[in-house]
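Everything on this sheet refers to the single structure shown next.
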2 protein chains.
Amino acid sequence: MPIVTDARPYHHGRLREALVDAGLALARAEGPDAVVLRAASRAAAVSHNAAYRHFADRDELLRAVAERCMSRLALVMEQRQDALEPDPDPAARALSRIDAVGRAYLEFAATEPGWFRTAFAVPDKVNSFGPGEGVGARGLSPYALLGAGLDDLVEVGVLPAERRPGAEYAAWSAVHGLAMLFNDGPLRDLPDTERAVATQIVLDVVARGL
Amino acid sequence: MPIVTDARPYHHGRLREALVDAGLALARAEGPDAVVLRAASRAAAVSHNAAYRHFADRDELLRAVAERCMSRLALVMEQRQDALEPDPDPAARALSRIDAVGRAYLEFAATEPGWFRTAFAVPDKVNSFGPGEGVGARGLSPYALLGAGLDDLVEVGVLPAERRPGAEYAAWSAVHGLAMLFNDGPLRDLPDTERAVATQIVLDVVARGL
DNA sequence: ATCGGCATGTTGACAGTGTCTACTTCTCAT
DNA sequence: ATGAGAAGTAGACACTGTCAACATGCCGAT
């Protein structure tokens with residue numbers, strides 16, 4: 001019988017959550033490649049193999065972390081939409097809501113590059129996130145939030161209904177591509193002022209082209 | 001004095017090129033993470049440390065491989081432009097040249113996903129590619145080829161001159177984003193027919209919005 | 001209440017990686 | 001011809017993911 005037992009019990013209790021939290025911290029600082037089983041296990045004060053009781057392999061942990069990153073993105077989108085001052089004009093309101101979606105996406109990519117890259121670094125085996133995964137407070141994924149914004153545009157008469165199908169491909173691609181080019185791509189060291197210009201141009205072109 | 005010497009001399013002769021070639025093969029099959037020093041050294045039939053005589057570290061090899069991948073992309077763009085049947089109408093010609101740029105980009109991403117991902121996986125330390133790097137047969141980078149196409153559009157009167165500055169941000173972002181969403185993102189398992197639809201929509205929106 | 005099954009966590013091992021230091025071989029300019 | 005330096009080798013270390021064998025202790029059936 002041990003005299004002074006270690007404070008930590010043999011069984012962790014909520015190791016799975018602890019590992020995902022640790023992975024989230026690693027991803028935030030260094031991106032998806034830094035989500036390392038042994039480092040996460042160390043952070044959770046647990047032996048390096050304990051993770052295998054909760055995840056089949058490293059990819060499964062990474063996927064869980066990526067799903068949380070996607071949720072964070074959805075949350076930022078929702079917050080930016082909620083922060084809009086109410087506009088009496090429905091058309092203007094719908095437009096500013098769509099604008100907020102795009103700007104929140106780019107803001108998230110800029111302020112949390114590690115999380116942003118991780119959100120889209122889902123391992124090959126897994127298609128994407130299932131329903132109810134990677135969602136924000138309203139239960140909507142970033143993709144669904146964009147779709148809802150586009151629906152509003154139609155309802156308000158800004159976007160012709162015949163252009164609605166597939167509109168998210170254009171909007172999403174443009175904003176996602178810009179974020180990638182800024183973060184990891186050839187536009188990596190564009191100065192902030194030029195970034196703002198590029199952002200405005202991209203959003204304008206999409207708005208005009210939809 | 002050895003009686004029957006090994007056919008391979010002690011000094012490789014063009015080890016640097018051999019390593020980049022090996023890295024290119026690895027990148028093609030598995031993407032940038034598969035560009036591994038020891039595997040490339042094995043492919044070049046050389047000890048695992050020989051690479052350090054030609055590259056400071058793994059990132060420097062990866063950068064050399066990425067630069068070649070970017071050149072391949074430029075070459076595909078040039079080929080698709082050259083393959084266009086001549087159109088008497090200058091405006092139509094300029095438009096089809098820009099269209100070819102975008103479609104070649106997406107074709108490259110679809111047919112050579114490993115190379116495409118590697119082209120944009122330049123390690124953090126390095127800004128991007130210097131002048132004369134990542135270029136095609138005409139000495140133009142993908143970015144420059146896009147810019148030339150946009151210049152043509154202005155010259156021919158299709159694109160208003162005041163909209164020319166920054167136009168590559170919009171065109172590039174949209175096409176790059178779509179390629180990323182198809183290859184690694186949530187649109188990974190979109191069926192081919194739907195991919196074609198999405199591609200057409202994205203190109204249309206950009207063309208209309210520019 | 002207790003006892004055993006089973007989920008949970010640990011230990012140790014292996015192969016693979018990047019990178020360091022020390023060493024060997026060979027080329028080429030003097 | 002020779003010796004300095006470029007090019008390649010050998011061995012080591014720390015780190016990773018993953019496997020197999022083992023230890024622990026919770027919880028329900030008895």
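Note that these values count all heavy atoms, side chains included, but never hydrogens, waters or copies made by symmetry. The model shown is predicted, which means the values in this text are computed figures rather than measured ones. Lettering follows sequence order; numbering is per chain, from 1.
Of the side-chain N and O atoms in A:His54, one or more sit less than 4.0 angstrom from OP1 or OP2 of C:dG9. Side-chain N/O atoms of A:Tyr52 include none lying less than 4.0 angstrom from OP1 or OP2 on D:dC19.
Between the base of D:dG8 and the side chain of B:His48 there is no donor-acceptor pair shorter than 3.5 Å. Below the 3.5 angstrom threshold, one finds no donor paired with an acceptor across the side chain of A:Arg58 and the base of D:dG17. A donor and an acceptor atom sit less than 3.5 Å apart, one in the side chain of B:Arg38 and one in the base of C:dT19. On a pure distance criterion of 3.5 Å, a polar donor-acceptor pair joins the side chain of A:Asn49 and the base of C:dG12.
Ion pairing between a basic and an acidic side chain is recognised when a charged N comes within 4.0 Å of a carboxylate O; A:Arg68 and A:Asp21 show such pairing.
Of all the heavy atoms in A:Asn183 and A:Arg188, the pair that sits closest is O-CG, 3.7 Å.
D:dG17 atom P lies 9 Å from atom CG of A:Leu61, rounded to whole Å. The nearest whole Å value for the distance from the CD atom in B:Glu30 to the P atom in C:dG16 is 16 Å. Rounded to an integer number of Å, the gap from CD of A:Glu60 to C1' of D:dT18 is 14 Å. One atom, CZ of B:Arg16, and another, P of D:dG8, lie 12 Å apart when rounded to the nearest Å. Atom-to-atom, CG of B:Asp33 to P of C:dG18 comes out at 11 Å; the value is rounded to the nearest Å. Between the CG atom of A:Leu19 and the P atom of D:dG17 there is a distance of 12 Å, given to the nearest Å.
In this structure, the nucleotide among D:dT9, D:dG17, C:dT8 sitting nearest to the side chain of A:Arg53 is C:dT8. Among the nucleotides D:dA7, D:dT16, D:dA21, the one closest to the side chain of A:Ala39 is D:dT16.
Ring-plane geometry between B:Phe116 and B:His176 is classed as tilted, the angle between the planes lying from 30 to 60 degrees on a 0 to 90 degree scale.
Annotation: B:Gln79, atom CD; neighbour count of heavy atoms from other residues, nucleotides and ligands within 6.0 Å is above 12. Surrounding CZ of A:Arg138 are more than 12 heavy atoms belonging to other residues, nucleotides or ligands, all under 6.0 Å away.
Checking A:Arg42 against A:Ala56, the closest nucleotide of DNA chain D that is more toward the 5' end is the one next to A:Arg42.
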